[in-house]
Number of protein chains: 2
Amino acid sequence: MIEFKKKFYFYPVKAEWSYMKKAKEPKEKDITTEGKIKEAARTVFHKKGYAATRTRDIAEEAGINLALLNYYFRSKEKLFHIIMTETLSGFMQHMVVVLNDEKTTLEKKVELIAASYIDLLLRAPEVPVFILSEIRNNPAILMEKIPVKQLMFHSVFFKQHQKAVTDGRIKEPSPLHFLMNLIGLIVFPFVASPMLKKIGSIKDKDFNQLMQERKKLIPVWIKAIMKANAK
Amino acid sequence: MIEFKKKFYFYPVKAEWSYMKKAKEPKEKDITTEGKIKEAARTVFHKKGYAATRTRDIAEEAGINLALLNYYFRSKEKLFHIIMTETLSGFMQHMVVVLNDEKTTLEKKVELIAASYIDLLLRAPEVPVFILSEIRNNPAILMEKIPVKQLMFHSVFFKQHQKAVTDGRIKEPSPLHFLMNLIGLIVFPFVASPMLKKIGSIKDKDFNQLMQERKKLIPVWIKAIMKANAK
DNA sequence: TCTGAATTTAATCATTTGATTAAAATATTT
DNA sequence: AAATATTTTAATCAAATGATTAAATTCAGA
């Protein structure tokens with residue numbers, strides 16, 4: 001902390017530094033320099049990942065001088081941390097809200113999650129690979145920020161699932177299989193889309209069409225899976 | 001090409017340079033220096049990806065001098081290319097063979113693929129994220145090496161799927177949905193495993209257990225999906 | 001064992017890259 | 001308008017990193 005002061009005493013004092021700020025919602029059409037840098041960082045980090053990203057890439061994408069990036073965000077790492085936190089929480093938020101809704105049934109939750117996530121992913125298709133590959137390099141990122149564990153096991157979803165199992169409406173008792181299947185069916189096409197587009201020679205428009213179909217199909221498939229009996 | 005000669009005229013002439021060699025199967029317990037470097041490169045690249053990997057990391061992992069790496073493989077990029085090619089073809093091979101078997105039914109193919117891929121992934125769980133994140137940075141890698149497209153659309157699997165659709169045994173006509181579902185159900189838990197292990201506080205042993213269960217469950221679920229009707 | 005080829009090493013280079021500095025330009029306040 | 005604070009720039013630094021060189025060592029065959 002002393003080092004902090006020593007290192008930056010020559011900088012002007014500002015009420016609220018970017019790297020101290022709480023993450024805030026990105027959709028404010030921020031045209032301040034700081035906002036431009038953050039948007040550029042989001043774009044480049046999401047596309048290339050932390051290690052392959054050069055701070056110069058971000059500066060160029062933002063149309064600013066490289067020094068400005070360090071002026072506003074102190075370091076590549078701090079800037080990345082902000083982007084990662086926002087990306088992760090943005091991605092989890094939907095899920096957690098839906099999973100904890102008291103009013104909706106399990107079946108309805110599946111419909112809501114499928115539709116809202118597919119829409120979300122169509123807008124930001126690079127996000128899943130970004131998250132998964134960055135977590136590989138630093139699994140601690142997760143723990144650090146999000147208390148997903150209790151949100152999951154104390155969720156309304158979890159209780160509804162247990163109930164459905166005891167009622168016999170779901171044959172496979174593990175909620176983890178259920179979640180893996182649901183999220184997998186939703187997310188996997190997006191992480192595999194570069195392969196799909198090559199292998200299946202799918203154009204972007206066709207891919208979108210397929211994903212639109214899956215909004216309806218996944219809930220149907222999940223219901224079929226629920227009833228399926230392995231024995 | 002002239003530059004090539006000029007740059008390396010001082011190197012001893014060798015019959016077959018590593019970077020010229022065809023990819024060969026990795027399981028030969030290669031204890032030559034060249035083999036050690038390749039094994040180390042595979043380990044480090046798979047774990048950290050191209051951009052985050054330092055050639056010094058590979059050298060250290062292999063227990064050799066950094067210069068040796070360049071002596072045997074010319075450059076980081078060439079070494080990476082070898083690893084990527086081997087990894088990709090190793091990953092596709094299983095699939096292509098099974099999909100083109102004349103003797104097995106569609107249902108049997110699903111069982112075979114689920115079981116063999118889950119076993120494969122339990123041995124090399126980092127491979128899917130490695131492939132997917134590297135393809136993101138360079139989608140051309142795929143095209144370059146593997147003629148998957150025709151292998152897919154002229155496969156026995158593809159014809160069997162079409163037949164099953166016209167026979168009414170499969171409700172959703174798109175073979176792409178079928179493949180996305182199958183591969184997604186198999187692969188997704190592995191790419192998401194760091195999250196699962198945090199969120200679900202799953203130990204490695206529990207994860208293995210879950211994956212063993214999925215060998216049996218996925219074929220059952222896929223059959224249920226086949227019968228499920230959206231209308 | 002001798003000789004040339006193959007392998008390995010230590011030292012070093014050149015470039016890239018994240019970060020910093022000090023000064024210039026711009027905006028804000030008095 | 002003058003003074004002060006904030007933002008932006010160009011120049012530069014230091015460390016990291018991929019690559020190269022030349023010399024030393026080991027190995028294979030005559």
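Just so we're on the same page: letters track the sequence lines, and every chain starts at 1. Model, not experiment: these values are computed from the prediction.
- Ion pairing between a basic and an acidic side chain is recognised when a charged N comes within 4.0 Å of a carboxylate O; A/K216 and A/E111 show no such pairing.
- In the set D/dT8, D/dA19, C/dT8, C/dT8 carries the atom at the smallest distance from any side-chain atom of B/L68.
- Along DNA chain D, the nucleotide closest to B/Y50 and the one closest to A/G63 are compared, and the more 5′ of them pairs with A/G63.
- Taking a cutoff of 4.0 Å between a charged side-chain nitrogen and a carboxylate oxygen, A/R54 and A/E60 do not qualify as a salt bridge.
- In this structure, A/T55 does not reach the C/dA19 phosphate: none of its side-chain N or O atoms is under 4.0 Å from OP1 or OP2.
- Atom CD1 in B/I37 sits about 10 Å away from atom C1' in C/dT7, given to the nearest Å.
- A salt bridge links A/K215 with A/D119: the closest approach of a Lys/Arg side-chain nitrogen to an acidic carboxylate oxygen falls below 4.0 angstrom.
- We find that B/R42 and B/E39 are joined by a salt bridge, their nearest charged nitrogen and carboxylate oxygen being less than 4.0 Å apart.
- Separating the CD atom of B/E77 from the P atom of D/dG18 is a distance of 12 Å, rounded to the nearest angstrom.
- Remark: A/Y72 is in phosphate contact with D/dT8, judged by side-chain N or O atoms under 4.0 Å from OP1 or OP2.
- One interatomic measurement links the two molecules: NE2 of A/H81 to P of C/dG18, which rounds to 18 Å at whole-angstrom precision.
- Residue B/K76 places its side chain closer to D/dA19 than to any other of C/dT8, D/dA19, D/dT6.
- Distances shorter than 4.0 Å separate none of the side-chain N or O atoms of A/N70 from OP1 or OP2 on C/dG18.
- Look at CG on B/L69: it is 10 Å from P on D/dG18, rounded to the nearest Å.
- When rounded to the nearest whole Å, the span between CZ of A/R74 and C1' of C/dT21 equals 15 Å.
- With D/dT8, D/dA10, C/dG18 as the choices, the nucleotide that has an atom nearest any side-chain atom of A/R56 turns out to be C/dG18.
- Of the candidates D/dT20, C/dT7, D/dT8, D/dT8 carries the atom nearest the A/Y71 side chain, counting heavy atoms from C-beta on.
- Rounded to an integer number of Å, the gap from CD1 of B/I58 to C1' of D/dT17 is 12 Å.
- Here the P atom of nucleotide C/dT16 and the CG atom of A/L66 are 15 Å apart, to the nearest Å.
- C/dT21 atom P lies 16 Å from atom CG of A/N65, rounded to whole Å.
- For the pair B/R54 and D/dG18, the criterion of a side-chain N or O lying under 4.0 Å from OP1 or OP2 is met.
- No donor-acceptor pair closer than 3.5 Å links the side chain of A/S193 to the backbone N or O of A/L196.
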